[in-house]
Amino acid sequence: MKYLDGSFFSRHTRIVAFELIGHELVFETLGGLLTGKIVETEAYFGANDPASHAYRGVTPRNRVMFGPAGKTYVYFTYGNHYCLNIVTEKEGVAGAVLIRALEPLGGIDMMRKNRRQINVNHMTNGPGKLTQAFGISREHSGMDLNTGSSLRIVESPSLEPVQIEVTPRIGISRAKKKLLRFCLKDNAFVSR
DNA sequence: GAGAAGATCTCCT
DNA sequence: GGAGATCTTCTCA
């Protein structure tokens, strides 16, 4: 089993967001192993992207986005929700990929408990939902996605590019037109 | 220190 | 389809 590492993530954010589709997110918890296939992502840049947290430069919250690739960036939003990102680009260049939706594969009973949600189709089909299902919160920000970490991404066989749909990002108020959202075509677990 | 906005979700109509 | 919940973070004075 091969894990994606810094050499995968330290490339252009758009490429990383595109190629992450189809790989497996794995999270080791005290209660067991949680796994899910990544079916939806969004790319966020730095200075050239008004929708990105990194647009106005470094702040205490977004500092990890400017650091080395392959780390997690988790932030709290709307008073209720955490969102999971993976830092991309070379050190010093801001960039991150937001994981928007997963297809649950393993540990579904535990996800049900975390989410208090019976329906598997509504378990992880949104950025706030998947972090709740996996039990990911701000304390998991800045984690390294290396093999020694409890959170990592397992490489899956490559998809054909035609299987991946490219659309504008959603849920943002600025730079809405850029085609930076990627999802697995015809997958039931995509958020919208 | 105050005010406003926000990479969302859920419930209600 | 629409609005409220809820609180962190950032900006500006």
Side-chain angles (χ1 to χ4, degrees), chain A residues 9 12-21 25 36 38-67 69-89 93-104 108 111-143 145 151 153 164-184 187-192:
Chain A
F9 296 110
H12 194 273
T13 306
R14 194 175 190 282
I15 294 171
V16 176
F18 185 88
E19 294 190 1
L20 263 181
I21 301 289
L25 183 71
I38 298 171
V39 297
E40 184 178 349
T41 61
E42 276 180 7
Y44 287 89
F45 306 116
N48 299 319
D49 185 2
S52 170
H53 288 171
Y55 180 56
R56 291 171 193 275
V58 183
T59 67
R61 177 174 66 161
N62 69 20
R63 188 166 40 219
V64 65
M65 280 183 78
F66 292 81
K71 292 203 172 201
T72 58
Y73 169 46
V74 181
Y75 66 88
F76 187 72
T77 189
Y78 293 107
N80 272 315
H81 308 290
Y82 294 100
C83 294
L84 172 65
N85 296 252
I86 298 168
V87 176
T88 58
E89 307 278 354
V93 179
V97 174
L98 171 68
I99 309 296
R100 286 194 57 90
L102 300 173
E103 176 179 335
I108 292 176
M111 294 187 205
R112 278 207 178 94
K113 277 185 200 161
N114 289 341
R115 290 266 302 134
R116 280 163 292 190
Q117 167 70 254
I118 305 289
N119 190 340
V120 177
N121 288 300
H122 296 169
M123 199 73 78
T124 53
N125 63 335
K129 296 181 190 178
L130 71 91
T131 51
Q132 191 185 19
F134 273 55
I136 291 172
S137 63
R138 200 170 14 199
E139 61 210 61
H140 299 103
S141 193
M143 283 174 71
L145 292 177
L151 189 67
I153 293 177
I164 300 174
E165 200 167 356
V166 184
T167 76
R169 293 178 293 188
I170 54 185
I172 54 175
S173 58
R174 287 170 286 198
K176 289 182 187 172
K177 290 185 181 170
K178 296 186 182 185
L179 294 172
L180 293 172
R181 173 173 173 257
F182 308 93
C183 49
L184 195 54
N187 184 281
F189 300 92
V190 167
S191 66
R192 287 187 217 173

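First the proteins, then the strands, lettered A, B, ... as listed; each starts at 1.
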| field | Working for side chain to side chain contact (heavy atoms under 4.5 Å, CB included), residues A:Asn187 and A:Glu165 | value | CA-CA 10 Å; A:Asn187 184 281; A:Glu165 200 167 356; over 6 Å; no
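- The two residues A:Phe189 and A:Leu102 have their closest heavy-atom pair at CB-O, 3.4 Å.
- A:Arg181 comes within contact range of no nucleotide atom at all, as no heavy-atom separation falls under 4.0 Å.
- Contact detail for A:Ala17 and A:Thr41: the closest heavy-atom pair is O-OG1, 2.9 Å.
- Consecutive pairing runs in DNA chain B reach the stem threshold at B:1-6 with C:7-12, B:8-12 with C:1-5, where a stem means at least three Watson-Crick or G-U wobble pairs with distances under 3.5 Å.
- The closest side-chain heavy-atom distance from A:Thr77 to A:His53 is not below 4.5 Å.
- Annotation: side chain of A:Tyr75 is in contact with side chain of A:Asn85 (closest heavy-atom distance under 4.5 Å).
- Residue A:Gly128 comes nearest to A:His81 through the heavy atom pair CA-CB, 4.2 Å, listed as atom of the first residue, atom of the second, then distance.
- Contacts of residues 75-87 of chain A with DNA chain C (heavy atom under 4.0 Å): A:Phe76, A:Tyr78, A:Gly79, A:Asn80.
- Heavy-atom distances under 4.0 Å link DNA chain C to A:Arg56, A:Thr59 of residues 39-59 of chain A, given in residue order.
- In this structure the side chain of A:Ile86 reaches within 4.5 angstrom of the side chain of A:Ile153, judged on heavy atoms.
- With rounding to whole Å, A:Arg63 atom CZ is found 18 Å from C:dT8 atom P.
- If A:Tyr73 and A:His122 are placed on DNA chain B by their nearest nucleotide, the residue sitting closer to the 5' end is A:Tyr73.
- At a threshold of 4.5 Å between non-hydrogen side-chain atoms, the residues A:Tyr73 and A:Asn62 count as touching.
- Extent of DNA chain B lying under 4.0 Å from chain A heavy atoms, first and last nucleotide in 5' to 3' order, is B:dG6 to B:dT10.
- For the pair A:Tyr82 and A:Ile136, the minimum side-chain heavy-atom distance is 4.5 Å or more.
- Inter-residue side-chain proximity for A:Phe134 and A:Ile99 is flagged as unmet; no heavy-atom pair is nearer than 4.5 Å.
- Within residues 124-138 of chain A, the residues having any heavy atom under 4.0 Å from DNA chain B are, by residue number, A:Gly126, A:Pro127, A:Gly128, A:Lys129.
- Residue A:Ile172 is classed as a sugar-phosphate contact, given heavy-atom separations below 4.0 Å to backbone atoms only.
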Expected list for residues 177-184 of chain A: side-chain donor-acceptor pairs under 3.5 angstrom, two or more places apart:
{"residue": "A:Lys178", "atom": "NZ", "partner": "A:Asn48", "partner atom": "O", "Å": "3.1"}
{"residue": "A:Arg181", "atom": "NE", "partner": "A:Glu40", "partner atom": "OE2", "Å": "2.7"}
{"residue": "A:Arg181", "atom": "NH1", "partner": "A:Thr167", "partner atom": "OG1", "Å": "2.9"}
{"residue": "A:Arg181", "atom": "NH2", "partner": "A:Glu40", "partner atom": "OE2", "Å": "3.0"}
{"residue": "A:Arg181", "atom": "NH2", "partner": "A:Arg192", "partner atom": "O", "Å": "3.4"}

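- Taking the side chain as every heavy atom from C-beta outward, A:Tyr55 and A:Pro50 approach each other to under 4.5 Å.
- A pairwise comparison of heavy atoms in A:Cys83 and A:Leu98 identifies CB-CD1, 3.8 Å as the closest pair.
- Ionic pairing of A:Glu42 and A:Arg100 is present here: one or more N-O contacts between side-chain nitrogen and carboxylate oxygen are shorter than 4.0 angstrom.
- Within the 4.5 Å cutoff, side-chain heavy atoms of A:Leu84 are placed close to those of A:Leu25.
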